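Every chain is numbered from 1 and lettered A, B, ... according to where its sequence line falls, protein lines coming before strand lines. For the numbers below, each heavy atom of this structure counts, side chains included, while hydrogens, waters and symmetry mates do not. Keep in mind that this is a model prediction, so the values were computed, not measured.
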Amino acid sequence: MGLRFLNTLTRTVEPFVPLDPAGREVRMYTCGPTIYNYAHIGNLRSYMFEDLIHRHLELRGFTVKRVMNITDVDDKTIRDSRRAGLSLGAFTEVYLQAFYEDLKTLRIKPADAYPRATSSEYIERMIRMIATLIERGHAYQAEDGSVYFRISSFPAYGRLANLDLDELRPSGRVASDEYEKESVADFALWKAWDEADGDVGWESPWGRGRPGWHIECSAMATALLGDQLDIHCGGVDNIFPHHEAEIAQTECCTGVPFVKYWLHGEHLLVEGQKMSKSLGNFYTLRDLLDKGWSGREVRFALLRVNYRLQLNFTFAGLEDARTALGRIDEWVARLTDHARAATGPESHPAFEGERFEAALDDDLNISAALGVLFEAIRETNRALDAGILTPGQARAGLDWWSRLNHVLVLDTEAAAIPAVVTALLEERQQARLAKEWKRSDELRDQIAALGWEVKDTKEGVKLTKKAA
RNA sequence: GGCGGGGUAGCCAAGUGGUAAGGCCGGGGUCUGCAAAACCCCUAUUCGCGGGUUCGAUUCCCGCCCCCGCCUCCA
């Protein structure tokens with residue numbers, strides 16, 4: 001069984017075969033952030049899921065060309081920049097930089113491009129696409145000056161979300177100023193300027209205004225990746241209407257199927273409830289860092305549950321992640337020590353085959369993949385205890401771990417040990433040899449005060465940097 | 001009302017027509033000057049409920065209950 005994904009479009013698990021005739025290059029588009037605030041952990045979970053796809057495709061030998069859009073103009077960015085008394089660009093720049101930092105902290109692999117909706121080249125492209133849609137009868141300008149997509153002109157509209165448009169229940173969320181539309185379900189391609197937009201706006205054949213959200217992705221995706229993509233992903237909430245709209249617009253412009261595989265990540269809950277500011281369970285990455293959690297710990301906590309399941313994010317779960325990572329770290333440290341005497345890798349059953357990769361091949365089954373890792377850890381710890389693991393096998397284990405890390409990226413950064421700590425540790429060793437236990441314990445306390453934990457293990461003294 | 005996801009040990013969670021991976025917690029042990037850590041072992045006759053098919057179902061079918069999400073710009 002090769003790599004396969006659950007495709008939202010067909011609601012079945014399908015073998016992954018890229019459009020590239022050579023079968024190597026994968027074109028992937030991932031819906032990025034609207035930069036009007038710091039990303040919250042729910043947003044970040046989606047980016048983690050996209051990172052997992054990206055990295056696993058690479059592990060499987062594909063060359064991934066990935067684009068993530070940056071929405072830097074919409075109702076919220078305009079509203080909040082005006083409240084802040086800043087220009088739209090100055091306002092969004094802060095959150096854009098914060099977003100890049102968050103990705104780095106979580107060890108998320110950068111996309112090849114982060115196109116911004118306000119770039120003139122993309123605005124122009126959007127205008128051209130809208131003009132094409134109007135020419136072909138797929139769009140019209142309404143009395144309010146805005147341009148809307150005519151969904152009745154695209155029979156496949158609703159297919160991705162599996163919605164029967166005739167049975168749509170009015171949700172009461174339809175803005176009252178959109179009564180000029182032919183059908184309530186028609187969506188905006190170009191929004192006519194109004195006072196709330198302030199100085200934000202671009203000239204177009206339909207007057208001053210700004211692009212609708214959906215057309216942004218269609219323009220940037222096709223500009224950078226071509227008319228047809230292999231993979232397009234985002235959160236489940238994007239299925240309808242956003243991705244549905246993207247399909248309609250794009251296919252009406254290009255005449256070919258837009259995306260081969262649609263993948264959608266589930267949302268997360270916090271302590272069993274929907275995350276919301278009013279419940280006080282709304283967290284950004286920096287909130288968690290401030291509480292002493294590391295990016296690596298958050299990465300693991302967000303990564304360990306399969307992307308199609310709602311993930312219940314809890315502090316107990318973070319504790320869990322911290323302990324489990326500690327177990328991995330100890331194992332890596334043991335293997336590293338043991339492998340020093342190795343001349344080369346020697347095979348060991350725990351590291352043979354591709355069970356880890358095979359688990360991820362199955363629609364990114366990370367839980368099963370981590371199961372493979374922890375089984376290997378237990379098995380080789382047992383062998384180390386029994387003294388039957390060879391240094392060469394330990395070396396093979398480290399090589400295996402390194403391969404897994406192409407996807408997991410859970411290796412520790414080796415923290416440099418300050419000279420003071422080394423000196424204190426040396427002094428303590430002398431005290432211990434002299435059986436001066438009181439002195440030894442004092443020194444241990446001093447080292448602890450500097451943020452390092454001393455452990456006297458069978459293999460000798462070990463130093464660990466304590467979590468902040 | 002329509003559409004989708006899910007209900008597996010205290011918590012998180014994988015999985016299969018043949019009798020339940022893994023992580024955390026808990027219990028026991030090894031090691032240790034002490035401490036801490038680490039490591040090992042143990043921990044679900046049972047998979048929301050009721051039927052059915054089957055030699056056998058948690059896994060297939062039917063019905064029901066519960067939770068979560070989407071149904072026009074929220075990852």
Side-chain angles (χ1 to χ4, degrees), chain A residues 8 11 30-34 39-50 71 74-76 151 158 161-171 173-175 178 181 184-188 191 212-214 216 233-242 244-245 264-269 272-276 300-301 304-306 308-312 314 316-317 319-331 333-334 359 362 365-375 377-378 381-382 384-386 432 435-438 440-441 444 448 453-459 462 464:
Chain A
T8 306
R11 288 167 290 281
T30 49
C31 280
T34 299
H40 62 246
I41 54 173
N43 297 319
L44 294 169
R45 189 207 183 185
S46 285
Y47 308 137
M48 286 287 310
F49 139 65
E50 290 156 1
T71 300
D74 80 320
D75 291 349
K76 284 177 297 226
I151 63 154
N162 195 22
L163 285 177
D164 183 343
L165 275 277
D166 297 333
E167 289 182 11
L168 277 188
R169 172 188 265 203
S171 72
R173 277 211 258 160
V174 180
E178 293 185 1
K181 294 192 290 186
V184 286
D186 288 353
F187 56 87
K191 300 182 120 172
W213 177 41
H214 314 305
E216 168 194 325
C233 34
V236 283
D237 55 296
N238 283 153
I239 297 173
F240 193 89
H242 185 51
E244 199 73 71
H264 292 96
E266 251 301 345
H267 283 187
L268 61 69
L269 302 171
Q273 290 182 291
K274 187 168 181 167
M275 179 167 63
S276 75
F300 188 61
R304 56 208 285 236
V305 175
N306 289 337
R308 284 197 288 113
L309 259 42
Q310 285 180 345
L311 181 157
N312 187 13
T314 63
E319 292 284 358
D320 233 67
R322 177 173 282 176
T323 314
L325 285 171
R327 180 169 163 81
I328 294 172
D329 292 345
E330 284 294 334
W331 172 73
R334 279 186 94 179
D362 182 15
N365 190 339
I366 190 73
S367 297
L370 289 171
V372 173
L373 168 63
F374 283 102
E375 277 174 24
I377 289 177
R378 183 159 37 74
N381 272 332
R382 207 189 283 134
L384 279 163
D385 285 354
R432 292 189 76 229
K435 298 197 188 295
E436 292 167 8
W437 306 126
K438 200 175 166 193
S440 162
D441 291 349
R444 182 166 61 200
E453 191 169 21
V454 180
K455 290 180 280 189
D456 300 308
T457 73
K458 261 186 284 190
E459 290 91 21
K462 278 185 186 166
T464 322

(Q) Would A:Leu163 and A:Glu244 count as a side chain to side chain contact (heavy atoms under 4.5 Å, CB included) here? Give the steps. (A) CA-CA 10 Å; A:Leu163 285 177; A:Glu244 199 73 71; 5.8 Å; no
Q. Hey, mind stepping through A:Phe49 and A:Leu311 against side chain to side chain contact (heavy atoms under 4.5 Å, CB included) and telling me if it holds?
A. CA-CA 12 Å; A:Phe49 139 65; A:Leu311 181 157; over 6 Å; no
Q) Stepwise, does the side chain to side chain contact (heavy atoms under 4.5 Å, CB included) test hold for A:Leu268 with A:Val305? A) CA-CA 10 Å; A:Leu268 61 69; A:Val305 175; over 6 Å; no
Q: Under the side chain to side chain contact (heavy atoms under 4.5 Å, CB included) rule, what do A:His264 and A:Val236 come out as? Steps first, then yes or no, please.
A: CA-CA 5 Å; A:His264 292 96; A:Val236 283; 4.0 Å; yes
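Contacts of A:Thr314 with the nucleic acid, taken as non-hydrogen atoms under 4.0 Å apart, are absent. Among the atoms of the strands shown, only primed sugar atoms or phosphate atoms (P, OP1, OP2) are found under 4.0 Å from some heavy atom of A:Asn365. Among the protein residues, A:Asp75 comes within range of no part of the nucleic acid, since none of its heavy atoms lies under 4.0 Å from any strand. Among the heavy atoms of the strands lying under 4.0 Å from A:Lys76 are primed sugar atoms or P, OP1, OP2 only; no base atom is included. Among the atoms of the strands shown, none is found under 4.0 Å from any heavy atom of A:Ala39. A:Ala324 comes within contact range of the sugar-phosphate backbone alone, with a heavy-atom separation under 4.0 Å but no base atom that close. When heavy atoms are screened at a 4.0 angstrom cut-off, A:Leu268 is found touching base atoms of the nucleic acid. Using a 4.0 Å heavy-atom cutoff across all strands shown, A:Arg45 reaches no nucleic acid atom at all. As judged by a 4.0 angstrom heavy-atom cut-off over every strand, A:Gly42 is placed among the base-contacting residues.
At the phosphate of B:G22, neither OP1 nor OP2 sits under 4.0 Å from any side-chain N or O atom of A:Arg327. The side chain of A:Lys274 contributes an N or O atom lying less than 4.0 Å from OP1 or OP2 of B:C70. Distances shown here put every side-chain N or O of A:Asn238 at or beyond 4.0 Å from the OP1 or OP2 atom of B:C74.
The base of B:A35 sits with one of its N or O atoms less than 3.5 Å from a complementary donor or acceptor on the side chain of A:Arg444. Residue A:Asp362 places no side-chain atom within donor-acceptor reach of the base of B:G15, judged by atom type and a 3.5 Å distance cut-off alone. For A:Thr323 and B:G23, a side-chain-to-base donor-acceptor distance below 3.5 Å is absent, hydrogens and geometry of angles not being considered.
Taking the C1' atoms as reference points, B:C64 lies 35 Å from B:C25, given to the whole Å. Separation of the C1' atoms belonging to B:C60 and B:A44 is 23 Å when rounded to the nearest angstrom. On the P atoms, B:C62 is 27 Å away from B:A20, given to the nearest whole Å.
Following rounding to the nearest Å, A:Leu384 (CG) and B:U30 (P) show an atom-to-atom distance of 21 Å. Residue A:Leu269 contributes atom CG, which lies 9 Å from atom P of B:C68 at whole-angstrom precision. At whole-Å resolution of the value, NE2 in A:His264 and P in B:C3 are 19 Å apart. Between the CZ atom of A:Arg378 and the C1' atom of B:A21 there is a distance of 9 Å, rounded to whole Å. Per the geometry, NE2 belonging to A:His267 stands 10 Å off P belonging to B:C71, to the nearest Å. Here the C1' atom of nucleotide B:A37 and the CZ atom of A:Arg322 are 15 Å apart, to the nearest Å. Across the protein-nucleic acid pair, A:Asn162 atom CG and B:G4 atom C1' stand 8 Å apart, rounded to whole Å. Rounded to whole Å, the distance from CG on A:Leu370 to P on B:G15 is 13 Å.
Between A:Arg11 and A:Asn162, the shortest heavy-atom contact is NH1-CB, 3.5 Å. Closest non-hydrogen pair, A:Phe374 versus A:Arg327, comes out as CD2-NE, 3.9 Å.
Ion pairing between A:Arg444 and A:Asp441 holds under the 4.0 Å rule for side-chain N and carboxylate O.
Summary of the strand contacts: A:Pro241 and A:Val305 both lie near RNA chain B, and taking for each the nucleotide with the nearest heavy atom, the more 5' one is attributed to A:Val305. Two residues, A:His40 and A:Glu330, neighbour RNA chain B, and the one matched to the more 5' nucleotide by heavy-atom proximity is A:Glu330.
In the set B:G6, B:C40, B:C71, B:G6 carries the atom at the smallest distance from any side-chain atom of A:Arg308. Among the nucleotides B:A21, B:U72, B:C40, the one closest to any side-chain atom of A:Val184 is B:U72. Distance from the side chain of A:Asn312 is smallest to B:C12 among B:G33, B:C12, B:A37. Proximity note for A:Glu453 (side chain, C-beta onward) versus B:A36, B:A14, B:C70: the nearest is B:A36. Of the candidate nucleotides B:A75, B:C40, B:C71, B:C40 has the atom nearest to the side chain of A:Asn381. Listed nucleotides B:C24, B:A13, B:C40 differ in distance to A:Asp385; the shortest reach to its side chain belongs to B:C40. For A:Ala185, counting side-chain heavy atoms from C-beta on, the closest listed nucleotide (B:U72, B:C12, B:G22) is B:U72. Out of B:A75, B:C40, B:G69, the shortest distance to the side chain of A:Ser46 is found at B:A75. Nearest nucleotide to the A:Phe374 side chain, out of B:A14, B:G22, B:G2: B:G22.
As the counterpart of B:G4, B:C68 is assigned, both hydrogen-bonding distances of the Watson-Crick or G-U wobble pattern falling under 3.5 Å. Of the nucleotides present, none pairs with B:C47 by Watson-Crick or G-U wobble criteria with both distances under 3.5 Å. Nucleotide B:A20 forms a pair with no other nucleotide shown, judged by Watson-Crick or G-U wobble geometry with both contacts under 3.5 Å.
Aromatic ring pairs are classed by plane angle as parallel below 30°, tilted from 30° to 60° and perpendicular above 60°; the pair A:His214 and A:His242 is tilted.
Centre separation under 5.5 Å together with a plane angle under 30° holds for the ring of A:Trp437 and the six-membered base ring of B:G33, marking them as stacked.
Distance alone, capped at 3.5 Å, is enough to place a donor-acceptor pair between the A:Asp186 side chain and the A:Ile151 backbone.
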